[in-house]
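We count residues from 1, following the sequence as given. Note that these values count all heavy atoms, side chains included, but never hydrogens, waters or copies made by symmetry.
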Amino acid sequence: MATDYDEVRSDVAESRNASLEALRSANAPDARSVVRELDEADTSEGVELPGADLSGEELTVTVVPQKEDEFTCYSCFLVRHRSQLAKEKAGHAYCADCLS
């Protein structure tokens, strides 16, 4: 008699069915209740909504001047260390990332 090795063993099939029944009988939330909870959380206090009036807010940023061993790449406008200088052309410096 030939053996079908792809067939699920009876003890494995029984344990699968038992675990599936246990999951179904558990007090697990359904998809609709989870979506409702997420929607309620999105509109809670303290959340900034698009188009909110921020005219009364102030932004404080400390500006650090460029050091002597740094340059601003003319292509990506990032401040880089001199070790990343790849090319200077017509008074403009380019970093190695922009030239690769």
Side-chain angles (χ1 to χ4, degrees):
M1 176 167 182
T3 304
D4 184 7
Y5 291 104
D6 293 331
E7 184 180 345
V8 178
R9 296 189 315 240
S10 61
D11 58 335
V12 173
E14 287 173 13
S15 67
R16 273 191 194 163
N17 291 339
S19 358
L20 183 58
E21 289 304 319
L23 286 173
R24 285 183 182 159
S25 65
N27 291 330
D30 64 338
R32 287 185 205 108
S33 67
V34 172
V35 169
R36 257 185 265 118
E37 288 174 16
L38 289 174
D39 287 342
E40 290 170 5
D42 286 344
T43 58
S44 65
E45 287 292 321
V47 176
E48 294 292 331
L49 299 175
D53 182 24
L54 300 175
S55 60
E57 298 293 321
E58 274 189 45
L59 180 63
T60 306
V61 177
T62 306
V63 178
V64 179
Q66 184 173 315
K67 297 178 184 174
E68 288 190 24
D69 63 342
E70 295 176 332
F71 71 98
T72 303
C73 178
Y74 192 71
S75 179
C76 66
F77 304 106
L78 294 175
V79 176
R80 305 286 189 141
H81 189 265
R82 282 278 171 201
S83 63
Q84 295 179 333
L85 179 65
K87 178 181 175 182
E88 279 192 74
K89 182 179 179 184
H92 303 295
Y94 296 91
C95 68
D97 291 340
C98 290
L99 291 182
S100 58

**Student:** Would you name the heavy atoms of Cys98 and Cys73 that are closest together and state the gap between them?
**Tutor:**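 Nearest heavy atoms, Cys98 then Cys73: SG-SG, 3.7 Å.
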**Student:** Can you name the residues that form a side-chain hydrogen bond (donor to acceptor under 3.5 Å, both in side chains) with Ser100, not counting sequence neighbours?
**Tutor:** none
**Student:** Hydrophobic side-chain clustering at under 4.5 Å (ILVMFWY, transitive links): who's grouped with Leu59? Put none if nobody.
**Tutor:**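 Besides Leu59, the cluster holds Val61.
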**Student:** Does Thr72 have any side-chain hydrogen bond (donor to acceptor under 3.5 Å, both in side chains) partners at least two apart in sequence or in another chain, and if so, which?
**Tutor:** Gln66
**Student:** Keeping to residues at least two apart or across chains, list the ring-ring contact (aromatic ring centres under 6.0 Å, His included) pairs with something in residues 76-100.
**Tutor:** Tyr74-His92
**Student:** Could you name each residue pair satisfying salt bridge (charged side-chain N to carboxylate O under 4.0 Å, His left out) that touches residues 52-66, not counting sequence neighbours?
**Tutor:** none
**Student:** Please collect all salt bridge (charged side-chain N to carboxylate O under 4.0 Å, His left out) contacts where either partner lies in residues 87-97, sequence neighbours excluded, each pair once.
**Tutor:**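 Listed by first then second residue: Arg80-Asp97.
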**Student:** CZ/Arg82 to SG/Cys95 distance, rounded to the nearest 0.5 angstrom?
**Tutor:** 12.5 Å
